Engineer: 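Please find one structure pasted underneath; my questions will follow.
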Amino acid sequence: MAPPARSPASGPRRRALLFPLLLLPLLLLLLHQASSPSPRPLPAPRKPSQACDYSAGEWVRDASAGPAIRYDHTCKEIFKGWNCIANGKANGRDLLRWRWSPAGAGCDLPRLDPRRFLERHRDTSIGFVGDSLNRNMFVSLVCMLRGVSGEVRKWRPAGADRGFTFLRYNLTVAYHRTNLLVRYGRWSASPNGGPLESLGYKQGYRVDVDIPDQTWVESCSFHDVLIFNTGHWWWAPSKFDPIQSPMLFFEKGKPIVPPLLTSAGLDLALQNMITFVNKATRSNALKFFRTQSPRHFEGGDWNEGGSCQRNQPLSSEEVEEFFSLDNNSTNIEARLVNKHLMKALEQSTFRVLDITRMSEFRADAHPSTTGGKKHDDCMHWCLPGLTDTWNDLLAVNLEAVES
């Protein structure tokens with residue numbers, strides 16, 4: 001039997017009934033998406049202005065910084081002597097309430113956003129190469145990142161002193177300890193004589209200005225970003241006494257005669273190490289050289305009863321009293337080293353991470369007597385503290401280069 005014929009109006013009526021039924025699932029899906037929390041996009045970076053000079057500015061009180069602590073004294077990587085809050089330093093928490101305000105209209109130094117940093121630097125390796133002040137900066141960055149990403153592998157990549165890989169992001173951050181960048185060790189006069197022996201030298205330290213310290217040789221081919229420093233050990237009389245244990249510079253395996261002054265030895269070492277790094281790193285590697293971190297000893301050097309008991313940043317006038325090369329005071333080391341450093345970097349492909357001026361104000365930010373040493377520690381920095389701002393500067397520079 002043939003099916004009944006449909007009237008001309010039956011097709012439209014059926015489609016009219018089916019349309020709401022087809023539309024219902026779509027409406028339900030839209031309602032679900034509207035009510036479900038969407039992933040938060042990364043905050044857009046505040047791009048640094050080319051006119052901003054981050055090395056110039058002033059420290060201002062930041063009332064908003066108190067509750068937004070990036071990490072606290074429980075971060076296990078903080079070296080005990082630098083943990084000012086745990087050690088009871090009177091202004092330990094107050095250090096977190098100062099913000100560096102760069103000079104120039106509209107200039108700002110945004111705080112490093114650790115989650116954004118991890119996202120931007122996926123599959124990247126960052127190496128800090130230098131003395132304990134670079135370790136100070138390395139620990140600051142690790143503590144900030146660990147605050148938002150606890151899945152880490154602790155290891156020693158490329159011969160590093162210590163390092164961490166943040167597994168979810170495959171971001172590695174490592175520290176390679178080296179005091180002079182170049183190789184050095186004890187030297188004693190040979191009974192068979194030699195050029196130095198003929199000049200009356202009995203003992204000292206052999207410093208090979210053209211041979212990199214073994215602790216960081218592999219770092220150049222391993223890391224995508226490198227941050228170098230050196231300086232404090234070049235004028236360390238307790239280690240390299242100019243009379244009892246002088247620095248004796250060697251090049252191509254032979255002593256440089258007549259012996260060089262420390263400043264000339266530093267120039268040669270910087271020149272050779274910059275050349276070595278340029279050859280050893282990949283063409284797309286980013287190379288930074290951090291300027292010198294200042295000390296704040298008052299009343300004498302560390303071994304002369306010097307101290308750093310201030311609880312507020314210095315004024316501009318006080319900064320000049322502390323650091324002017326004309327005054328030839330205890331703390332001229334920072335600007336002295338920087339003169340040699342800037343000269344060496346003039347024609348290089350290194351980028352300068354200038355933290356000196358912003359740090360000169362911060363006589364209040366050292367461990368001082370709470371560092372656990374027999375003398376005031378007026379060289380290293382409290383953590384959390386000033387080196388967090390150094391990492392803010394690093395993050396801004398990285399974003400500027402990568403953008």
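Everything numeric in this text was worked out from a predicted model, so none of it was measured. All heavy atoms count here, side chains included; hydrogens, waters and symmetry mates do not.
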Engineer: Could you pull out all residues at least two apart from A90 that satisfy side chain to side chain contact (heavy atoms under 4.5 Å, CB included)?
Structural biologist: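 Counting only residues at least two positions away or on another chain, A90 forms no side chain to side chain contact (heavy atoms under 4.5 Å, CB included).
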Engineer: Between the side chains of D213 and T178, is a donor N or O closer than 3.5 angstrom to an acceptor N or O?
Structural biologist: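 Side chains of D213 and T178: pair found under 3.5 Å.
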Engineer: If you define the side chain from C-beta out and look only at heavy atoms, does anything of I274 sit under 4.5 Å from F350?
Structural biologist: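 Answer yes - side chains close enough.
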Engineer: Would you call the rings of F240 and Y205 parallel, tilted or perpendicular if under 30° counts as parallel and over 60° as perpendicular?
Structural biologist: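 Geometry flag for Y205 against F240: perpendicular rings.
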Engineer: Can you pull the disulfide (SG to SG under 2.5 Å) pairs that have at least one residue in residues 207-297, sequence neighbours excluded?
Structural biologist: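 Sorted pair list comes back empty.
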Engineer: Salt bridge check: are R177 and D161 linked by an N-O gap of less than 4.0 Å?
Structural biologist: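 Between D161 and R177 there is no salt bridge, as every charged N stays at least 4.0 Å from the carboxylate O atoms.
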Engineer: Between N331 and F297 (side chain of the first, backbone of the second, donor and acceptor by atom type, cut-off under 3.5 Å), is there such a pair?
Structural biologist: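 Between the backbone of F297 and the side chain of N331 there is a qualifying donor-acceptor contact (under 3.5 Å).
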Engineer: Enumerate the residue pairs fulfilling salt bridge (charged side-chain N to carboxylate O under 4.0 Å, His left out) with a member in residues 292-301, sequence neighbours excluded, ordered by first and then second residue.
Structural biologist: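 Found R295-D301, E298-R310.
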Engineer: Is it the case that Y184 and N179 place a side-chain donor and acceptor less than 3.5 Å from each other?
Structural biologist: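 A donor-acceptor contact under 3.5 Å links the two side chains.
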Engineer: Donor-acceptor pairs are to be reported for all side-chain atoms of residues 151-158 against protein atoms at under 3.5 Å, with residues two or more places apart or in another chain.
Structural biologist:
residue: E151; atom: OE2; partner: R168; partner atom: NH2; Å: 3.1
residue: W155; atom: NE1; partner: T165; partner atom: OG1; Å: 2.8
residue: R156; atom: NE; partner: A160; partner atom: O; Å: 2.9

Engineer: Suppose we screen for salt bridge (Lys or Arg N to Asp or Glu O under 4.0 Å). Which residues come up paired with D392, at least two apart in sequence or across chains?
Structural biologist: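 R70.
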Engineer: Run the salt-bridge test on R162 and E77 with the 4.0 Å N-O cut-off and return the result as yes or no.
Structural biologist: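 Answer for the salt bridge query: yes.
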Engineer: Carefully, step by step, assess V129 and H223 under the rule side chain to side chain contact (heavy atoms under 4.5 Å, CB included).
Structural biologist: CA-CA 11 Å; V129 178; H223 297 299; 5.7 Å; no
Engineer: Should the ring pair H296 and F323 be called parallel, tilted or perpendicular, given that the plane angle runs from 0 to 90° and is split at 30 and 60?
Structural biologist: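 Because their plane-to-plane angle is over 60°, the rings of H296 and F323 count as perpendicular.
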Engineer: Can you confirm whether the side chains of K287 and T349 place a donor and an acceptor under 3.5 Å from each other?
Structural biologist: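 A pair is found: one side chain offers a donor N or O, the other an acceptor, under 3.5 Å apart.
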Engineer: Pairs of donor and acceptor atoms involving the side chains of residues 254-271, under 3.5 Å and at least two apart or interchain, shall be tabulated with distances.
Structural biologist:
residue: D267; atom: OD1; partner: H340; partner atom: ND1; Å: 2.7
residue: D267; atom: OD2; partner: H340; partner atom: ND1; Å: 3.4

Engineer: Give the intermediate values and the outcome of side chain to side chain contact (heavy atoms under 4.5 Å, CB included) for residues D388 and Y71.
Structural biologist: CA-CA 10 Å; D388 302 338; Y71 62 96; 2.6 Å; yes
Engineer: Is there any ring pair (Phe, Tyr, Trp, His ring centres under 6.0 Å) pair reaching into residues 102-122, and which pairs are they, with sequence neighbours excluded?
Structural biologist: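 Of all non-adjacent pairs touching residues 102-122, those that pass ring pair (Phe, Tyr, Trp, His ring centres under 6.0 Å) are F117-H121.
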Engineer: Determine whether L398 and F288 satisfy the following criterion, side chain to side chain contact (heavy atoms under 4.5 Å, CB included), listing intermediate values before the conclusion.
Structural biologist: CA-CA 10 Å; L398 287 174; F288 293 91; 3.7 Å; yes
Engineer: Side-chain polar contacts of residues 244-251 - donor-acceptor pairs under 3.5 angstrom, sequence neighbours left out - could you list them?
Structural biologist:
residue: S245; atom: OG; partner: K239; partner atom: O; Å: 3.1
residue: S245; atom: OG; partner: D241; partner atom: N; Å: 3.2

Engineer: Which residue pairs pass the disulfide (SG to SG under 2.5 Å) test with at least one member in residues 122-151, sequence neighbours excluded?
Structural biologist: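 For residues 122-151: C75-C143.
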Engineer: What residue pairs, at least two apart or across chains, pass salt bridge (charged side-chain N to carboxylate O under 4.0 Å, His left out) with a residue in residues 215-233?
Structural biologist: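 For residues 215-233: D224-R282.
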Engineer: Taking NZ, NE, NH1 and NH2 as the nitrogens, is one of them in E119 or R116 under 4.0 Å from a carboxylate oxygen of the other?
Structural biologist: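 A salt bridge is absent here (no side-chain N lies under 4.0 Å from a carboxylate O).
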Engineer: Does W216 have its ring centroid less than 6.0 Å away from the ring centroid of F228?
Structural biologist: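 Yes: the rings meet the under 6.0 Å criterion.
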Engineer: Are R362 and D364 within salt-bridge range, i.e. N to O under 4.0 Å?
Structural biologist: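 D364 and R362: salt-bridged.
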Engineer: Measuring only between side-chain heavy atoms, which start at C-beta, is L145 closer than 4.5 Å to Y169?
Structural biologist: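 SC-SC contact between L145 and Y169 ruled out.
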Engineer: Establish, yes or no, whether the cationic atom of R61 lies under 6.0 Å from the six-membered ring centre of W98 and within 45° of the ring axis.
Structural biologist: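 The answer is yes, since R61 meets both limits relative to W98.
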Engineer: Verify the distance criterion only: is there a donor paired with an acceptor across the side chains of N272 and D210 at less than 3.5 Å?
Structural biologist: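 D210 and N272 do not have a side-chain donor-acceptor pair below 3.5 Å.
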Engineer: Taking C-beta and beyond as the side chain, do W381 and S293 meet within less than 4.5 Å on heavy atoms?
Structural biologist: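 A side-chain contact exists here, since the closest heavy-atom pair is under 4.5 Å.
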Engineer: What pairs of residues pass the salt bridge (charged side-chain N to carboxylate O under 4.0 Å, His left out) test when at least one of them lies in residues 183-194, not counting sequence neighbours?
Structural biologist: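 Applying salt bridge (charged side-chain N to carboxylate O under 4.0 Å, His left out) to every pair that reaches into residues 183-194, excluding sequence neighbours, yields R183-D208.
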Engineer: I would like to know whether H380 and L133 meet side chain to side chain contact (heavy atoms under 4.5 Å, CB included); could you show each step before the answer?
Structural biologist: CA-CA 6 Å; H380 300 101; L133 274 301; 3.9 Å; yes
Engineer: With a 4.5 Å limit on heavy-atom distance, are the side chains of I85 and R93 in contact?
Structural biologist: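 The answer is yes, as the side chains (C-beta and beyond) meet within the 4.5 Å cut-off.
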Engineer: Applying disulfide (SG to SG under 2.5 Å) as the test, list every pair that has at least one member in residues 367-403; sequence neighbours left out.
Structural biologist: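 Of all non-adjacent pairs touching residues 367-403, those that pass disulfide (SG to SG under 2.5 Å) are C84-C382, C308-C378.
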